[in-house]
Amino acid sequence: MAHLPSELISHQQKVCRLYKRAVRCMEDWVHEIHDRRYQAALLRERFDKNKNIKDLSYAKHLLQEGEKELFSKIHYQPITFANSATGGAYGRNADIPDWVLDYWHPLEKAMYPKYFARREQMKDEYEKWYFETYPEEKKKLDSH
(Lines give C-alpha, C1' and ligand atoms only; values in the text may rest on other atoms or scores of the structure.)
Protein backbone atom coordinates (compact mmCIF):
# COMPACT_ATOMS: atom_id res chain seq x y z
CA MET A 1 0.00 0.00 0.00
CA ALA A 2 1.25 3.44 -0.87
CA HIS A 3 2.05 5.99 1.78
CA LEU A 4 -0.81 8.42 2.14
CA PRO A 5 0.14 11.78 3.66
CA SER A 6 -2.09 12.59 6.61
CA GLU A 7 -1.10 16.20 7.27
CA LEU A 8 -0.20 19.31 5.35
CA ILE A 9 3.49 19.78 4.68
CA SER A 10 5.00 23.24 4.78
CA HIS A 11 7.21 24.59 2.02
CA GLN A 12 10.21 24.41 4.36
CA GLN A 13 9.58 20.71 5.03
CA LYS A 14 9.26 20.03 1.31
CA VAL A 15 12.60 21.73 0.69
CA CYS A 16 14.27 19.78 3.50
CA ARG A 17 12.89 16.51 2.14
CA LEU A 18 14.07 17.39 -1.35
CA TYR A 19 17.52 18.13 0.03
CA LYS A 20 17.69 14.80 1.84
CA ARG A 21 16.56 12.87 -1.23
CA ALA A 22 19.09 14.80 -3.35
CA VAL A 23 21.91 13.90 -0.95
CA ARG A 24 20.86 10.23 -1.01
CA CYS A 25 20.73 10.32 -4.80
CA MET A 26 24.19 11.90 -4.95
CA GLU A 27 25.49 9.15 -2.62
CA ASP A 28 24.21 6.55 -5.10
CA TRP A 29 26.40 8.01 -7.84
CA VAL A 30 29.52 9.13 -5.92
CA HIS A 31 31.27 6.37 -3.98
CA GLU A 32 34.53 7.95 -2.82
CA ILE A 33 34.03 9.60 0.57
CA HIS A 34 36.05 12.74 -0.16
CA ASP A 35 34.25 13.25 -3.50
CA ARG A 36 30.92 12.63 -1.79
CA ARG A 37 31.62 15.26 0.88
CA TYR A 38 32.66 17.77 -1.79
CA GLN A 39 29.52 17.13 -3.83
CA ALA A 40 27.38 17.41 -0.67
CA ALA A 41 28.97 20.77 0.10
CA LEU A 42 28.21 22.00 -3.44
CA LEU A 43 24.65 20.76 -3.15
CA ARG A 44 24.20 22.49 0.20
CA GLU A 45 25.55 25.70 -1.33
CA ARG A 46 22.91 25.50 -4.08
CA PHE A 47 20.16 25.15 -1.48
CA ASP A 48 21.57 27.88 0.78
CA LYS A 49 21.78 30.31 -2.14
CA ASN A 50 17.97 30.29 -2.43
CA LYS A 51 16.97 30.04 1.23
CA ASN A 52 16.13 33.74 1.70
CA ILE A 53 13.69 34.06 -1.20
CA LYS A 54 10.53 35.84 -0.01
CA ASP A 55 8.44 35.39 -3.17
CA LEU A 56 6.52 32.16 -2.49
CA SER A 57 5.52 31.59 -6.12
CA TYR A 58 9.17 31.74 -7.19
CA ALA A 59 10.13 29.47 -4.30
CA LYS A 60 7.49 26.95 -5.41
CA HIS A 61 8.83 27.18 -8.95
CA LEU A 62 12.36 26.45 -7.70
CA LEU A 63 11.04 23.50 -5.68
CA GLN A 64 9.32 22.05 -8.75
CA GLU A 65 12.46 22.51 -10.82
CA GLY A 66 14.48 20.78 -8.09
CA GLU A 67 12.04 17.86 -8.07
CA LYS A 68 12.35 17.56 -11.86
CA GLU A 69 16.15 17.68 -11.68
CA LEU A 70 16.20 15.04 -8.96
CA PHE A 71 13.88 12.81 -10.98
CA SER A 72 16.16 13.10 -14.01
CA LYS A 73 19.21 12.11 -11.93
CA ILE A 74 17.78 9.13 -10.03
CA HIS A 75 20.18 6.20 -10.00
CA TYR A 76 19.07 3.06 -11.84
CA GLN A 77 20.00 0.90 -8.85
CA PRO A 78 19.83 3.03 -5.70
CA ILE A 79 21.47 1.97 -2.45
CA THR A 80 18.85 0.85 0.06
CA PHE A 81 19.05 0.16 3.76
CA ALA A 82 18.82 -3.54 4.51
CA ASN A 83 15.80 -3.34 6.84
CA SER A 84 13.86 -0.72 4.86
CA ALA A 85 10.79 -1.80 2.90
CA THR A 86 12.84 -2.11 -0.31
CA GLY A 87 15.89 -3.65 1.37
CA GLY A 88 17.09 -7.21 1.10
CA ALA A 89 16.57 -8.05 4.77
CA TYR A 90 13.09 -6.54 5.11
CA GLY A 91 10.78 -8.80 7.10
CA ARG A 92 13.47 -11.40 7.62
CA ASN A 93 13.10 -11.54 11.40
CA ALA A 94 10.26 -13.92 12.15
CA ASP A 95 8.17 -13.22 15.24
CA ILE A 96 7.82 -16.63 16.84
CA PRO A 97 4.71 -16.92 19.01
CA ASP A 98 5.03 -17.92 22.65
CA TRP A 99 2.92 -21.07 22.32
CA VAL A 100 5.71 -22.74 20.34
CA LEU A 101 7.57 -23.25 23.63
CA ASP A 102 4.72 -25.45 24.87
CA TYR A 103 5.65 -28.02 22.22
CA TRP A 104 9.31 -28.32 23.18
CA HIS A 105 10.46 -31.79 24.18
CA PRO A 106 10.92 -32.26 27.97
CA LEU A 107 14.65 -32.78 27.45
CA GLU A 108 14.87 -29.41 25.73
CA LYS A 109 12.92 -27.79 28.56
CA ALA A 110 15.26 -29.43 31.08
CA MET A 111 18.13 -27.33 29.73
CA TYR A 112 16.38 -24.16 31.03
CA PRO A 113 14.68 -25.21 34.28
CA LYS A 114 14.40 -21.75 35.88
CA TYR A 115 12.94 -20.19 32.76
CA PHE A 116 10.28 -22.84 32.25
CA ALA A 117 9.37 -22.94 35.96
CA ARG A 118 8.83 -19.16 35.90
CA ARG A 119 6.94 -19.47 32.61
CA GLU A 120 4.52 -22.03 34.04
CA GLN A 121 4.00 -19.80 37.07
CA MET A 122 3.25 -16.82 34.84
CA LYS A 123 0.81 -18.87 32.75
CA ASP A 124 -1.05 -19.90 35.92
CA GLU A 125 -1.14 -16.28 37.14
CA TYR A 126 -2.47 -15.11 33.79
CA GLU A 127 -5.15 -17.81 33.72
CA LYS A 128 -6.24 -16.86 37.24
CA TRP A 129 -6.37 -13.15 36.32
CA TYR A 130 -8.29 -13.91 33.09
CA PHE A 131 -11.03 -15.93 34.79
CA GLU A 132 -11.36 -13.33 37.57
CA THR A 133 -11.73 -10.59 34.99
CA TYR A 134 -14.06 -12.57 32.71
CA PRO A 135 -16.08 -14.97 34.90
CA GLU A 136 -18.51 -15.73 32.06
CA GLU A 137 -15.68 -17.44 30.16
CA LYS A 138 -15.12 -19.77 33.13
CA LYS A 139 -18.83 -20.67 33.08
CA LYS A 140 -18.62 -21.45 29.34
CA LEU A 141 -15.69 -23.80 29.91
CA ASP A 142 -17.38 -25.51 32.86
CA SER A 143 -20.59 -26.11 30.89
CA HIS A 144 -18.76 -27.93 28.10
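Excluded from the calculations below are hydrogen atoms, water molecules and symmetry mates; all remaining heavy atoms, backbone and side chain alike, are included.
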Exercise. Would Val100 end up clustered with Met122 when hydrophobic side chains under 4.5 Å apart are linked, directly or stepwise?
Worked result: no
For this session: Report, as yes or no, whether the 6.0 Å neighbourhood of atom CG on Leu56 holds more than 12 heavy atoms from other residues, nucleotides or ligands.
Result: yes
For this session: Apply salt bridge (charged side-chain N to carboxylate O under 4.0 Å, His left out) to Lys138 and list each qualifying residue two or more places apart in sequence or on a separate chain.
Result: none
Problem set entry | Salt bridge Arg119-Asp102, side-chain N to carboxylate O under 4.0 Å | yes
Exercise. Would you call Arg46 and Glu69 a salt bridge, using N to O less than 4.0 angstrom?
Worked result: yes
Problem set entry | Over all atoms of both residues, closest heavy-atom pair of Gly87 and Thr80 | CA-OG1, 3.8 Å
Exercise. Do Met111 and Leu107 belong together in a cluster built from hydrophobic side chains that touch within less than 4.5 Å?
Worked result: no
Seminar exercise, completed: d(Leu18 CG, Gln13 CD) to nearest 0.5 Å is 13.5 Å
Exercise. So which heavy atom on Arg36 is nearest to which on Glu27, and how close?
Worked result: CD-CG, 3.5 Å
For this session: List the atom of Ala110, the atom of Pro113, and the distance in Å for their closest heavy-atom pair.
Result: O-CD, 3.4 Å
Seminar exercise, completed: On a heavy-atom basis, the closest approach of Ile9 and Lys14 is O-CE, 3.6 Å
Exercise. Do Asp142 and Lys139 come within less than 4.5 Å of each other through their side chains, counting heavy atoms only?
Worked result: no
Exercise. Should the ring pair Tyr103 and Trp99 be called parallel, tilted or perpendicular, given that the plane angle runs from 0 to 90° and is split at 30 and 60?
Worked result: perpendicular
Exercise. Taking the inter-plane angle between the rings of Phe47 and Tyr19 on a 0 to 90° scale, is it parallel (under 30°), tilted (30 to 60°) or perpendicular (over 60°)?
Worked result: perpendicular
Exercise. Taking side chain as C-beta onward, heavy atoms only, is Glu67 less than 4.5 Å from Arg21?
Worked result: yes
Problem set entry | Student check: side-chain heavy atoms of Leu101 and Phe116 closer than 4.5 Å | yes
Exercise. From Leu62 CG over to Asp55 CG, what is the distance, rounded to the nearest 0.5 angstrom?
Worked result: 9.5 Å
Exercise. Under a 4.5 Å side-chain heavy-atom rule over Ile, Leu, Val, Met, Phe, Trp and Tyr, are Phe131 and Tyr126 clustered together?
Worked result: yes
Exercise. Does CD belonging to Glu136 count more than 12 external heavy atoms closer than 6.0 Å?
Worked result: yes
For this session: Examine Ile74 and Trp29 and state if one hydrophobic cluster contains both, with Ile, Leu, Val, Met, Phe, Trp and Tyr joined whenever side-chain heavy atoms are less than 4.5 Å apart.
Result: no
Exercise. What distance separates Asn50 CG from Glu65 CD, expressed to the nearest 0.5 Å?
Worked result: 12.0 Å
For this session: Tell me, yes or no, whether the heavy-atom count around Tyr58 atom OH, taken from other residues, nucleotides or ligands under 6.0 Å, exceeds 12.
Result: no
For this session: Determine, using the 4.5 Å side-chain heavy-atom cutoff (strictly less than), whether Val15 and Leu70 are members of one ILVMFWY cluster.
Result: yes
Problem set entry | Closest contact, heavy atoms only, Asp28 versus Ile79 | OD1-N, 3.1 Å
Exercise. Are any of the side-chain heavy atoms of His34 and Arg37 separated by less than 4.5 Å?
Worked result: no
For this session: Mark yes when over 12 heavy atoms from residues, nucleotides or ligands other than Leu42 sit less than 6.0 Å from its CG; otherwise mark no.
Result: yes
For this session: For a side chain to side chain donor-acceptor pair (under 3.5 Å) with Glu125, tell me which candidate from Lys123, Lys128, Gln121 qualifies.
Result: Gln121
